[in-house]
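Take a look at the structure set out below.
We count residues from 1, following the sequence as given.
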Amino acid sequence: MLTLLKYIIQLILSPKNGWDDIADKNPDPEILLTKGVYPLLGIASATVFLGMAYHQATLPQVLIGAVNVFGSYFVGIFIARLLFDLYLRQIAGQDVDKRQSTTLILCGFGMMLLFQIIENCLPWNLLIVKFLPIYAILVLSKGCEYLGISKRKELRFTGFAGIAIVAVPLLIYYIFYLLIQ
């Protein structure tokens, strides 16, 4: 998990240098998933329980919130991988290394989970925290060079990655939230 956190923090602070470092290290996506994203997913779900102390939420509300966070990001990872497998070649206009694209997906989800943890741990609602996923899209756009996507395809890729990695889990989260209410 520390390796993934190191990559995520580096991507947040300096996206271009972060993607360069990830390209140099070429991490194994399966290790990033099992030893990075999944533990981070568990922590994000567990931090929902802070709502009992901060927001006077009841135990059933917190349990539903924790399951919602876990389910939306867990399912979102697989949907993003599916979307990348189906459409990335058409979006990029060329073959893209599957290992690198999976690493990009996992780093994007790691960022989103870190933002969720930050939001859950704050005792008050800060509007700026709600806009952190937009910054995640900016960081993902800097991954074009990492994936070898041409300059003229960057905007298409950024929109695609923003939908697959950022919008899909948020959409699943809100759908779960509406269904449970």
Side-chain angles (χ1 to χ4, degrees), residues 1-41 44 69 71-119 128-175:
M1 185 170 78
L2 294 177
T3 303
L4 180 65
L5 282 175
K6 181 187 127 202
Y7 291 145
I8 292 169
I9 291 170
Q10 191 172 13
L11 286 170
I12 291 170
L13 296 177
S14 177
K16 178 159 179 10
N17 292 336
W19 289 119
D20 290 343
D21 189 41
I22 291 171
D24 290 341
K25 300 276 197 293
N26 195 18
D28 182 14
E30 290 306 313
I31 292 174
L32 283 180
L33 181 65
T34 57
K35 294 188 177 182
V37 174
Y38 287 159
L40 212 54
L41 182 57
V69 167
S72 60
Y73 285 104
F74 186 78
V75 171
I77 290 169
F78 294 102
I79 291 174
R81 287 173 100 175
L82 176 66
L83 291 173
F84 267 62
D85 286 346
L86 293 175
Y87 299 112
L88 184 58
R89 186 180 192 300
Q90 289 135 356
I91 300 290
Q94 64 193 27
D95 285 330
V96 177
D97 185 4
K98 185 170 172 53
R99 180 182 173 115
Q100 288 180 326
S101 66
T102 303
T103 300
L104 182 124
I105 292 167
L106 296 176
C107 287
F109 270 92
M111 252 188 304
M112 292 295 292
L113 288 166
L114 186 62
F115 296 156
Q116 183 71 49
I117 291 168
I118 291 168
E119 183 178 350
I128 194 163
V129 175
K130 302 288 185 193
F131 288 104
L132 286 175
I134 295 172
Y135 185 71
I137 295 172
L138 174 70
V139 171
L140 291 170
S141 74
K142 299 296 182 187
C144 289
E145 187 177 319
Y146 169 67
L147 293 179
I149 294 173
S150 67
K151 289 276 187 204
R152 56 188 194 94
K153 302 280 185 172
E154 282 183 2
L155 188 59
R156 286 180 71 189
F157 171 76
T158 300
F160 172 69
I163 290 169
I165 298 171
V166 176
V168 165
L170 292 177
L171 183 64
I172 293 169
Y173 179 87
Y174 289 114
I175 289 171

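Counted within 6.0 Å of NZ on Lys142, heavy atoms from surrounding residues, nucleotides or ligands total 12 or fewer; the atom is thus considered open.
A distance of 4.5 Å separates CG of Leu138 from OG of Ser141, quoted to the nearest 0.5 Å. Note that CZ of Arg156 is 12.0 Å distant from SG of Cys144, once rounded to the nearest 0.5 Å. We find the CD-CG distance between Gln116 and Leu41 to be 10.0 Å, quoted to the nearest 0.5 Å.
No side-chain heavy atom of Leu132 sits under 4.5 Å from any side-chain heavy atom of Glu119. In this structure, the side chains of Thr103 and Tyr7 stay at 4.5 Å or more apart for every pair of heavy atoms. Using a 4.5 Å cut-off on side-chain heavy atoms (C-beta onward), Leu170 and Tyr73 make contact.
Ring geometry for Phe74 versus Phe78: interplanar angle over 60°, hence perpendicular rather than tilted (30 to 60°).
With Tyr135 contributing its side chain and Ile12 its backbone, the two residues share a donor-acceptor pair below 3.5 Å.
Within the structure, the ring-ring contact (aromatic ring centres under 6.0 Å, His included) test picks out the following pairs touching residues 8-29 (sequence neighbours left out): Trp19-Tyr146.
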Would you be so kind as to tabulate the donor-acceptor pairs closer than 3.5 Å made by side chains of residues 80-100, with sequence neighbours excluded?
from, atom 1, to, atom 2, distance (Å)
Arg81, NH2, Glu30, OE2, 3.1
Asp85, OD1, Lys98, NZ, 2.8
Asp85, OD2, Lys98, NZ, 3.2
Arg89, NE, Asp95, OD1, 2.7
Gln94, NE2, Gly148, O, 2.3
Asp97, OD1, Arg99, N, 3.2
Arg99, NE, Asn26, OD1, 3.2
Arg99, NH2, Asn26, O, 3.1
Arg99, NH2, Pro27, O, 3.4

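Heavy atoms only, all atoms of each residue included: Val37 and Leu4 are closest at N-CD2, 3.5 Å. Closest heavy-atom contact between Ser72 and Pro169: CB-O, 3.6 Å. Of all heavy-atom pairs between Pro29 and Thr102, the closest is CB-CG2, 3.6 Å. Scanning all heavy atoms of the two residues, the minimum distance from Asp20 to Glu145 falls at OD1-OE2, 4.2 Å.
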